[in-house]
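Every value quoted in this text rests on a predicted model; they were computed, and no experiment measured them. Both ligands and their constituent atoms are indexed starting at 1 by order of listing.
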Amino acid sequence: MDKEKLKGVAIKEVDSRQDELRDLSLKIHSNPEQGFHEVQAAAWLTGYLEKNGFSVERGIYGLETAFRARYGSGRPAIALMAEYDSLPAVGHACGHNIISTSAAGAGVASKMAVDSLSGSVLVIGTPAEEIYGGKALMAERGAFSDLDIAMMVHPASYNVSAMEALACQTLQVEFFGRAAHAAAQPEAGINALEAMLLSFNAINSLRQHIRNRARIHGIITDGGKAANIVPDHSAGDFIVRAGDNEYLTDLKERVLDCFIGAATATGARLEYKWGDVCYSALRNNNTLIGLFNENMKTVGREMLPVIPGQSFGSTDMGNVSQLVPSIHPFIAITDVNVLIHSPQFAEAAASERAIEGLLDAAKALAMTVIDLLASPETVAKAKEEFTLGND
Ligand SMILES: [Zn+2]
Ligand SMILES: [Zn+2]
């Protein structure tokens with residue numbers, strides 16, 4: 001069967017499964033589970049894929065709620081990434097129910113193409129995108145080493161083909177001083193809060209002289225216990241972000257120097273801990289974007305190149321994109337004034353417009369899988385772009 005016929009089959013397949021995909025999405029949405037606790041979502045998704053002929057491995061790479069579902073065994077191996085974690089308090093305000101259901105729908109709709117061409121399609125369940133960077137852990141443990149291409153679609157308020165996502169790492173800082181009566185014997189104290197305030201000032205000075213896309217931001221989580229006691233302890237949480245992984249490494253050192261300098265100035269002792277995972281910057285593969293955009297046109301969506309006037313935070317898909325040619329486009333499921341991570345976006349992620357978005361995303365992903373399975377040259381082109389670093 002030729003490529004266009006296979007695409008037609010995939011579109012019909014998604015349409016004929018729209019009720020079950022809607023149910024799956026709404027079920028995940030109404031049972032929000034946070035990172036590494038996505039037990040039900042993982043069970044529903046793997047159950048659906050298994051029922052539809054995928055061979056499923058659960059609890060992979062030491063992560064209970066991670067999974068890999070595979071159909072076919074050959075190369076190229078095209079992966080559709082599924083996220084299904086929610087946020088504290090606001091549920092599915094990032095719409096990860098749409099990501100996972102569109103990946104599952106696209107996987108099932110690609111089966112006929114796998115049967116008639118060569119290669120395999122995988123749906124990879126990647127937990128804890130929001131806080132712990134599940135894909136970063138999985139990447140370190142080799143979960144993506146045998147893939148040729150990785151794709152996912154994230155809901156948003158725009159149809160956008162590429163994402164700008166920064167490399168980032170969290171930093172926890174504590175200063176230890178010496179308590180004393182703040183008026184009677186201040187000379188006996190070492191002020192841990194002053195060390196924290198000096199650190200903020202040093203970072204503010206540093207911020208004037210860093211690259212445009214870099215970000216440093218933080219909060220104080222302990223600033224002392226009483227105004228008449230010299231604080232003997234202070235603590236803060238920070239995030240350092242940069243446009244690429246190399247600059248993040250440089251910037252982390254300079255940020256750390258701000259804390260070290262403040263410790264020296266005040267005499268407080270510094271303890272710090274970088275987050276276990278480092279989110280990598282996202283590389284968007286233009287060859288894949290070109291295919292995906294054309295397929296989105298088929299379902300009636302015109303993709304913008306970037307989100308107007310806005311850049312994004314960070315995603316653990318960045319870590320996948322450093323290993324294998326990847327895309328992370330966005331699909332509009334709501335109006336442009338609805339902000340991601342807000343209660344309004346959580347509501348939008350269960351709307352009829354979100355269902356339309358997930359069906360269109362599933363179709364476009366499946367059609368892109370077909371483009372790739374049908375053309376080894378296109379896979380080679382995406383890989384060449386990746387290797388040359390032209391993306
Ligand atoms: Zn999010
Ligand atoms: Zn998200």
Does the side chain of Gln169 pick up a donor-acceptor pair with the side chain of Tyr279 at under 3.5 Å?
no
Taking atom types as modelled, find out whether Arg70 and Ser55 have a side-chain donor-acceptor pair closer than 3.5 angstrom.
no
Of all N, O or S atoms in His96, the one closest to the Zn ion (ligand 2) is NE2
Which atom, among the N/O/S set of His154, is closest to the Zn ion (ligand 2)?
NE2
Among the N, O or S atoms of Glu130, which one sits nearest to the Zn ion (ligand 1)?
OE2
N, O or S atom of Cys94 closer to the Zn ion (ligand 1) than 2.8 Å
yes
Please work out which of the three classes, parallel, tilted or perpendicular, describes the rings of Phe259 and Phe238, given edges at 30° and 60°.
perpendicular
Quick one: CG on Asp360 to CD1 on Ile333, what's the gap to the nearest 0.5 Å?
12.5 Å
